[in-house]
Every structure is written in C-alpha cells, then in structure tokens.
Q: 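Pasting a structure below so you can have a look.
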Amino acid sequence: MTSLLEKIVTIIAPNYCISCGDQDNILCENCLFSEQNLGFPACILCAKPSKDWRLCKPCSNTSGLRYVWPAALYEGNFERVIHLLKFERSRAAHIPLAAAMQAALPYDDWLVVPLPTASRRMRQRGYDQAVLLAQAIAKARGLPTRLVLERVQSTRQLGSNRVQRQKQSTKMFCMMPRANVQGTKILLVDDVCTTGATLTAAARLLKQAGAAQIDAVVAAWQPPKS
C-alpha cells in the first residue's frame, strides 16, 4: 500500500486506540508508554540481571551481540498491537511500536538493519513488518537503514520451544549479494524476542562478514518462564 493510499484510508477509516479508544493511533502515546513495565534490565538471552540491557559475557561471546533493548514485555496491549501488525495486516500498527522502540534506545551512529521476514509471509501481509519498524526508527533518529540480510529459511517459529527455535535458526539468513558491513556498527531490528535464536543467527553471520559491533532493539521481549 502506498503512502497516499494509507492517508486516504486513514481519513475514511481512522484508527482508534485499542486501549482507551482515542482516535488517530492504534495505541495512543499515553497507553503506549504506560505499558512499558520491563522491570530491571537483564541479558535478554538468559534473563540474568545486567546493566542497561547489556548481554552477559557468555551470551555476548556466543551470540555476537552486545546490547539488546526491548521496548516492552510481550503482553497486554503490546502483544495485541504486534498481533495486529503480523497477523491482521494492520500496517499502521508499526507506528506506535517503532515510537516505543526508538525511545528505548541510547544514541549511537548505527546502520539500522531489519531482520527480514520470510518472503511467503511478506506476500501474505503485503509488507515486511521488520522493514517498517527499521525505517521508522532510522527516520526518527536520522540514521541510515539498509537491507543486508536475506531470509533463506521460512520455518514458522510460532509455537516452537527454545531448542526447536535454536535449531531452526541455524541457517536462517544469508548475506545479500554485494552487501558490505565491514567495520560497521549495526542495530538489528525485530518485533519479538523469545529465545534470541533469530537475533543470534543474524549477529553471527554479520560478525563473520566483518561487522565491528552489533546491537539490537525489539518491540517486545518474552522472558523464559521460571
């Protein structure tokens, strides 16, 4: 859908906040930031307490990631908005999620890189939600964004356990032709982090390709059940 068509649709059928009913946004600013109940920072891969969402040393060494910042927990309105974006073709749902994600970030000079969605699901939705989020974050921060990863495995991870997800993600991505990340500081963008297997697969590949530093931001985090 083009931006012009989006504007026309918004005028004809404006969005309403799913929480309070206010017009013009699927999740208004007040409801958006009232739900960011993350508690204390943690290593997003093992859930051990950390400083400023930095990965613990063992997880950082094995994944290639330095920091992973979540905007919120995967629950409540954030879970509902992500479901709208991923499964109900609600393209506008990326707007409040991207706002929360960029607000969770410190400032740095990253190249913003989305984790690509499987092409079959992108065709079904009509868009790649990670690309929409990455573009919005890059625009808000004045940062460059580029597609450097290509999805080569389309196995659906929804409903898979931790071991299954890690196995599925082993060969999930490849570098796009002529992609050059040598010496680059990269910010990976994805919607939900459950086990971190997808982020890890991408980060390892980018490290092998010469990236100098890899951080990530996700709209929501689903910590492991204790």
Side-chain angles (χ1 to χ4, degrees), residues 36-74 97 100-116 130 133-134 137-138 141 143-153 157 160-176 179-226:
Q36 292 178 285
N37 302 317
L38 284 164
F40 294 105
C43 168
I44 206 167
L45 299 187
C46 69
K48 292 179 181 177
S50 73
K51 183 179 180 181
D52 301 327
W53 300 98
R54 189 179 186 111
L55 268 63
C56 67
K57 191 171 182 179
C59 288
S60 182
N61 288 342
T62 57
S63 69
L65 291 159
R66 195 179 61 133
Y67 287 88
V68 180
W69 294 277
L73 294 180
Y74 187 57
L97 295 176
M101 292 166 77
Q102 79 91 9
L105 291 169
Y107 280 87
D108 210 337
D109 55 344
W110 294 291
L111 169 65
V112 182
V113 173
L115 288 186
L133 293 169
I137 292 168
R141 288 299 182 98
L143 296 171
T145 182
R146 191 191 314 156
L147 296 175
V148 301
L149 297 171
E150 186 174 1
R151 191 87 170 225
V152 294
Q153 187 185 84
Q157 290 194 313
S160 301
N161 61 34
R162 179 175 290 268
V163 174
Q164 290 171 330
R165 284 173 179 263
Q166 290 172 341
K167 186 177 180 180
Q168 290 165 0
S169 64
T170 305
K171 296 182 179 180
M172 185 172 287
F173 304 107
C174 67
M175 297 294 293
M176 295 189 73
N180 182 8
V181 296
Q182 188 71 38
T184 305
K185 295 167 66 176
I186 288 175
L187 178 70
L188 291 171
V189 176
D190 203 8
D191 45 31
V192 180
C193 178
T194 303
T195 64
T198 305
L199 288 172
T200 295
R204 286 174 176 170
L205 183 61
L206 291 166
K207 273 288 186 182
Q208 292 171 6
Q213 175 182 304
I214 306 167
D215 299 320
V217 61
V218 294
W221 175 38
Q222 189 172 47
K225 295 179 180 179
S226 56

Q: Mind checking salt bridge (charged side-chain N to carboxylate O under 4.0 Å, His left out) for Asp191 and listing every partner two or more places apart, or none if nothing turns up?
A: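 Asp191: salt bridge (charged side-chain N to carboxylate O under 4.0 Å, His left out) contacts with Lys86.
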Q: Considering all heavy atoms of both residues, which atom of Ile214 and which atom of Gly64 are nearest to each other, and what is their separation?
A: CB-O, 3.8 Å
Q: Test Ile44 against every option in Val68, Leu65, Thr195 by the side-chain contact (heavy atoms from CB on, under 4.5 Å) rule and name the one that passes.
A: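 Single side-chain contact (heavy atoms from CB on, under 4.5 Å) partner of Ile44 among Val68, Leu65, Thr195: Val68.
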Q: Rounded to the nearest 0.5 Å, how far apart are OG1 of Thr200 and CG of Leu205?
A: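 Going from OG1 on Thr200 over to CG on Leu205, the span is 12.5 Å.
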Q: Looking only at heavy atoms, which two atoms of Met101 and Leu133 are closest? And how far apart?
A: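 Closest approach of Met101 to Leu133: SD-CD2, 4.0 Å.
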Q: Please check if the side chain of Ser60 supplies one atom and the backbone of Lys57 the other of a donor-acceptor pair under 3.5 Å.
A: no
Q: Minimum heavy-atom separation for Pro116 and Leu149, please, with both atom names.
A: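 Where Pro116 meets Leu149 most closely, the heavy atoms are CG-O, 3.5 Å.
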Q: Kindly determine whether Met176 and Val148 satisfy side chain to side chain contact (heavy atoms under 4.5 Å, CB included), including the steps that lead there.
A: CA-CA 5 Å; Met176 295 189 73; Val148 301; 5.6 Å; no
Q: Does Leu187 reach the side chain of Val217, with side-chain heavy atoms less than 4.5 Å apart?
A: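 Yes, side chains in contact.
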Q: Does Leu188 reach the side chain of Ile186, with side-chain heavy atoms less than 4.5 Å apart?
A: yes
Q: Kindly indicate whether the side chain of Phe173, heavy atoms from C-beta on, has any atom under 4.5 Å from the side chain of Glu150.
A: no
Q: Taking all non-hydrogen atoms of both residues into account, name the closest pair between Ala130 and Leu115 and its distance.
A: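 Closest approach of Ala130 to Leu115: CB-O, 3.1 Å.
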Q: Output the distance between atom NZ (Lys48) and atom SG (Cys56), rounded to the nearest 0.5 Å.
A: 5.5 Å
Q: Passes side chain to side chain contact (heavy atoms under 4.5 Å, CB included), Val189 versus Val218? Steps please.
A: CA-CA 6 Å; Val189 176; Val218 294; over 6 Å; no
Q: For the backbone of Leu105 and the side chain of Arg141, can you confirm whether one donor and one acceptor N or O come within less than 3.5 Å of each other?
A: yes
Q: Donor-acceptor check, side chain of Arg66 to backbone of Ala216, threshold 3.5 angstrom: yes or no?
A: no
Q: In chain order, what residues pass the salt bridge (charged side-chain N to carboxylate O under 4.0 Å, His left out) check against Lys185, with sequence neighbours excluded?
A: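 Result, salt bridge (charged side-chain N to carboxylate O under 4.0 Å, His left out) vs Lys185: Asp108, Asp109.
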Q: Of all heavy-atom pairs between Pro114 and Thr145, which one has the smallest distance, and what is that distance?
A: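 So the two residues come closest at CD-OG1, 4.2 Å.
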Q: Tell me which one of Ser50, Cys46, Cys43 satisfies side-chain contact (heavy atoms from CB on, under 4.5 Å) with Leu55.
A: Cys43
Q: Distance check, rounded to the nearest 0.5 Å: Arg54 atom CZ versus Asp215 atom CG?
A: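 One gets 8.5 Å once the value is rounded to the nearest 0.5 Å.
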Q: With ring-ring contact (aromatic ring centres under 6.0 Å, His included) as the rule and sequence neighbours excluded, what pairs involving residues 195-221 come up?
A: Trp53-Trp221
Q: Supply the atom-to-atom distance Gln213 CD to Tyr67 OH, rounded to the nearest 0.5 angstrom.
A: 9.0 Å
Q: Taking all non-hydrogen atoms of both residues, which atom of Cys193 and which atom of Leu199 are closest, and how far apart?
A: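 Result for this residue pair: SG-CD1, 4.1 Å.
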Q: Roughly how far, to the nearest 0.5 Å, is the CD atom of Gln222 from the CG atom of Leu73?
A: 9.5 Å
